[in-house]
Amino acid sequence: MSEVEQKNFLKEVNGKEINLKEYYEVIKKRIWIVAIVTILTTLAGFFYSHQNNTEFYQASTRVIVDVDSQKMSTLLVMIKDPVVMEKVTKQLNLQQPAEATAGQVQAASIDGSQVISLSATSIDPSTAVNIANTTAKVFKDEVGNILNIKGVQLLSPAKNAYPVDSNQSQIIIIALIAGIVIGIGLTFLLDSLDGKVKKESEVERILGVPVIGTVSNMNKQKLKSSNKTETEVELRSETVGSK
């Protein structure tokens, strides 16, 4: 890298550091806006999630299938097959299509074993229990009829349904992040609308002349005490001179 390229690179790096510092100062100056907006959006997300949240319940049962691991993936797919789900829907007299029932059912092999965990989710606890148990029974019959697999046993039927975590926490987190983003954006908007000259570079750009010196901010009380001290010194010097 040549000397000219190094200088250009250093200029770019210094420019970026200055820009980051300026951004930090803008946010720091109006950090209270970010805090207030974040608190308001988080509270709004909290109340919205509690008022519009629907609590779901989940019931689980287990089925053991005497097959090798290669056929297990096929059996997991078959649990939510339309043939099985249509029969479950009809037996329970659910007023919904079979696809909707399939969406309420989850199935997975436990640690790669021959045991299948079959779960059902619903807004009604008893419906969740009925869907889980009925799906397990229909699956056992259909596996024997279609795949001629007889080694299927129901281990533990679902008895109770338990509440499952909803998306309340997700809504609150999204509201929190949105509040931070909106608050920061609002600080930069207010800073851009502020017509005051804040930096020496702005004075040089507006007037077209270099800045020779600046006067720093001074406290009025300190300024008064400084003037008083200077006056006393002058009076003492005059008194000494008169003697």
Side-chain angles (χ1 to χ4, degrees), residues 41-179 181:
T41 55
T42 304
L43 289 175
F46 176 80
F47 287 115
Y48 176 83
S49 63
H50 280 71
Q51 291 180 358
N52 298 275
N53 179 65
T54 302
E55 191 170 14
F56 287 89
Y57 296 87
Q58 188 176 76
S60 300
T61 182
R62 292 188 176 186
V63 178
I64 185 170
V65 184
D66 188 14
V67 295
D68 53 28
S69 58
Q70 295 179 352
K71 293 183 179 180
M72 182 60 69
S73 58
T74 302
L75 295 178
L76 293 176
V77 173
M78 188 176 176
I79 290 176
K80 301 178 67 171
D81 188 82
V83 175
V84 176
M85 292 293 101
E86 286 179 1
K87 289 187 176 182
V88 172
T89 304
K90 289 181 180 179
Q91 290 184 19
L92 296 177
N93 295 321
L94 300 177
Q95 302 300 318
Q96 62 184 23
E99 291 79 6
T101 306
Q104 297 177 256
V105 176
Q106 302 86 35
S109 174
I110 299 178
D111 298 330
S113 64
Q114 294 179 332
V115 179
I116 297 175
S117 175
L118 198 155
S119 303
T121 306
S122 176
I123 59 176
D124 179 57
S126 60
T127 302
V129 171
N130 293 333
I131 292 177
N133 290 330
T134 305
T135 300
K137 293 177 182 178
V138 174
F139 168 71
K140 177 182 178 181
D141 297 336
E142 293 301 322
V143 165
N145 296 333
I146 299 175
L147 300 179
N148 197 24
I149 297 176
K150 305 299 181 181
V152 180
Q153 297 180 4
L154 305 179
L155 291 180
S156 53
K159 296 181 180 180
N160 299 308
Y162 302 93
V164 295
D165 294 334
S166 59
N167 59 349
Q168 290 185 7
S169 58
Q170 295 180 357
I171 295 176
I172 295 174
I173 292 174
I174 292 173
L176 174 66
I177 296 174
V181 173

Q: Grab the two heavy atoms, one from Ala136 and one from Val63, that are nearest each other, plus how far apart they are.
A: CB-CG2, 3.9 Å
Q. Which heavy atom in Val83 sits nearest to a heavy atom in Glu142, and how many Å separate them?
A. CG1-OE1, 3.7 Å
**Q.** Sub-4.5 Å side-chain heavy-atom contact between Leu92 and Thr127
**A.** no
Q: Answer with yes or no whether the side chains of Thr101 and Gln96 bring together a donor and an acceptor at under 3.5 Å.
A: yes
Q: Can you measure from CD1 (Ile172) to CZ (Phe47) and round to the nearest 0.5 angstrom?
A: 10.5 Å
Q: Begin from the C-alpha positions of Lys137 and Gln91 and carry the test side-chain contact (heavy atoms from CB on, under 4.5 Å) through to its verdict.
A: CA-CA 11 Å; Lys137 293 177 182 178; Gln91 290 184 19; over 6 Å; no
Q: Check Phe139 against Val65 and note the closest heavy-atom contact, atom names and distance.
A: CE2-CG2, 4.3 Å
(Q) Return the CD1 to CD1 distance between Ile116 and Ile79, rounded to the nearest 0.5 Å. (A) 4.5 Å
Q. Is a side-chain N or O of Gln104 found less than 3.5 angstrom from the main chain of Thr121, in a donor-acceptor match?
A. yes
Q: To the nearest 0.5 angstrom, please state how far the OG1 atom of Thr134 sits from the CE atom of Met85.
A: 9.5 Å
Q. Hey, is the main chain of Thr61 close enough, under 3.5 Å, to the side chain of Ser156 for a donor-acceptor pair?
A. no
**Q.** Non-hydrogen atoms of Tyr57 and Ala128 that approach each other most closely
**A.** O-CB, 3.8 Å
Q: For a side chain to side chain contact (heavy atoms under 4.5 Å, CB included) with Val143, tell me which candidate from Thr74, Val84, Leu75 qualifies.
A: Leu75
Q: Please step through side-chain contact (heavy atoms from CB on, under 4.5 Å) for the pair Val88 and Val105, ending with a clear verdict.
A: CA-CA 11 Å; Val88 172; Val105 176; over 6 Å; no
Q | Distance in Å, Ile174 CD1 paired with Thr41 OG1, rounded so as to fall on 0.5 Å steps | A | 12.0 Å
Q.
Just verifying a value: how many Å separate Lys140 NZ and Ile64 CD1, rounded to the nearest 0.5 Å?
A. 12.0 Å
Q: For residues Gly45 and Ile171, report the shortest heavy-atom separation together with the two atoms involved.
A: O-CG2, 3.7 Å
Q) Partners of Thr42 by side-chain hydrogen bond (donor to acceptor under 3.5 Å, both in side chains), sequence neighbours excluded? A) none
Q: Rounded to the nearest 0.5 Å, what's the gap from OG on Ser126 to CD1 on Ile131? Could you check?
A: 9.5 Å
**Q.** Intermediate values then yes/no, side-chain contact (heavy atoms from CB on, under 4.5 Å), Asn133 and Leu154
**A.** CA-CA 9 Å; Asn133 290 330; Leu154 305 179; over 6 Å; no
**Q.** Shortest non-hydrogen separation from Ser113 to Met72 and the atoms involved
**A.** O-CE, 3.5 Å
